[in-house]
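First the structure, in the form of structure tokens, and then the observations on it.
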Amino acid sequence: MGTLDGRVAIVTGAARGVGRGIALALAKEGARVAVADLLPADDVLADVAAAGGEAWAATCDIRVSAEVDAFVAAVVDRWGTVDVLVNNAIATAIGPLNEMSDDDLMLGFATGPLASAYFMRACHPHLRDGGRVVNLRSGTEQNGMPGYAAYVAAKAAVGGLTRAAAREWGRDGITVNAVVPFALSEGTLSALDEQQVAGVLRQLSVRRSGDPETDIGRAVVYLVGPDASYVTGTTLMLDGGGAFFS
Ligand SMILES: NC(=O)c1ccc[n+]([C@@H]2O[C@H](COP(=O)([O-])OP(=O)(O)OC[C@H]3O[C@@H](n4cnc5c(N)ncnc54)[C@H](O)[C@@H]3O)[C@@H](O)[C@H]2O)c1
């Protein structure tokens with residue numbers, strides 16, 4: 001028996017990386033997990049099935065609110081409700097701020113705070129009285145990071161969204177929290193060269209990459225599980241001590 005038996009969870013961007021680890025951790029704890037991604041999620045579905053869990057995936061461009069609404073409706077049609085929402089997906093342009101096009105600037109916002117708000121809005125009626133939301137923030141919000149202005153700004157907006165929704169939705173019986181992970185995911189490895197990876201690892205108190213399932217996913221299991229019903233509006237640092245903020 002798992003602590004999330006009978007719960008229905010949506011995890012965005014769970015075809016790979018941190019989202020995939022979160023999806024696996026939730027499924028192994030008994031949740032039925034719906035994966036919204038642009039990439040095929042066959043591998044994560046196979047891993048969940050091999051672990052005796054239940055998962056479903058559909059292509060969804062989270063930048064488009066009509067696609068988000070249709071995805072949430074499909075999940076409700078399939079499993080009756082949504083109890084847990086994890087806004088994990090991101091895409092971002094990297095480069096000097098002064099060279100960013102309008103589309104570059106928009107990408108992080110569209111896939112970060114806007115997509116998170118679309119999912120939160122669509123899931124709200126189902127999340128009432130016991131639902132949980134977890135949003136993904138970044139340690140770069142604190143200190144900035146050269147070449148990542150669009151990403152940093154979008155992630156800071158996710159922080160604001162998390163705090164504001166936690167205030168509004170506490171009375172609806174919904175907790176809204178965030179996590180700041182560090183993991184050498186496909187996304188991180190494609191953005192950083194070997195030297196940068198070594199530099200980041202040197203800054204950590206725990207000098208290794210987080211494991212998307214056992215380090216990040218298990219902490220999300222806590223936030224969406226029965227032990228965290230009094231935890232809302234907070235940000236849990238899951239980054240080996242790489243950044244210090246809340
Ligand atoms: N990996 C880290 O160290 C780290 C650090 C800080 C914050 N984060 C946050 O954790 C989350 C996951 O990061 P990651 O490193 O696993 O990223 P990743 O790039 O490896 O994975 C992102 C996923 O989002 C999906 N996605 C992108 N655009 C989409 C769209 N329009 N519609 C649907 N899906 C889309 C991608 O297909 C991919 O599966 C992100 O929110 C990121 O900002 C990660």
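All ligand and atom numbering here is 1-based and tracks the order in the structure.
Rounded to the nearest 0.5 Å, atoms OG (S229) and CZ (R132) are 6.0 Å apart. To the nearest 0.5 Å, the span separating CG on L236 from CZ on R137 amounts to 11.5 Å.
The shortest non-hydrogen separation linking A183 to S209 is CA-OG, 3.5 Å.
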Between the protein and ligand 1, are there any N or O atom pairs that come within less than 3.5 Å of each other, and if so, what are their names and distances?
from, atom 1, to, atom 2, distance (Å)
ligand 1, 1 (N), A183, O, 3.0
ligand 1, 1 (N), S185, OG, 3.4
ligand 1, 1 (N), T188, OG1, 2.9
ligand 1, 3 (O), A183, N, 2.9
ligand 1, 3 (O), A183, O, 3.1
ligand 1, 15 (O), S185, OG, 2.4
ligand 1, 16 (O), V18, N, 2.8
ligand 1, 19 (O), R16, NH2, 2.8
ligand 1, 20 (O), R16, NE, 3.0
ligand 1, 20 (O), G187, N, 2.9
ligand 1, 21 (O), R16, NE, 3.4
ligand 1, 31 (N), D61, OD1, 3.0
ligand 1, 32 (N), C60, O, 3.3
ligand 1, 32 (N), I62, N, 3.1
ligand 1, 37 (O), D37, OD1, 2.6
ligand 1, 39 (O), D37, OD1, 3.4
ligand 1, 39 (O), D37, OD2, 2.7
ligand 1, 41 (O), N88, O, 2.7
ligand 1, 41 (O), K155, NZ, 2.7
ligand 1, 43 (O), Y151, OH, 2.7
ligand 1, 43 (O), K155, NZ, 3.0

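Contact annotation: the side chain of I10 approaches that of C123 to within less than 4.5 Å [non-hydrogen atoms, C-beta and beyond]. Between V134 and N87 there is no side-chain heavy-atom pair separated by less than 4.5 Å.
Note on ring orientation: taking the six-membered ring where Trp is involved, the planes of H124 and W169 are tilted (angle from 30° to 60°).
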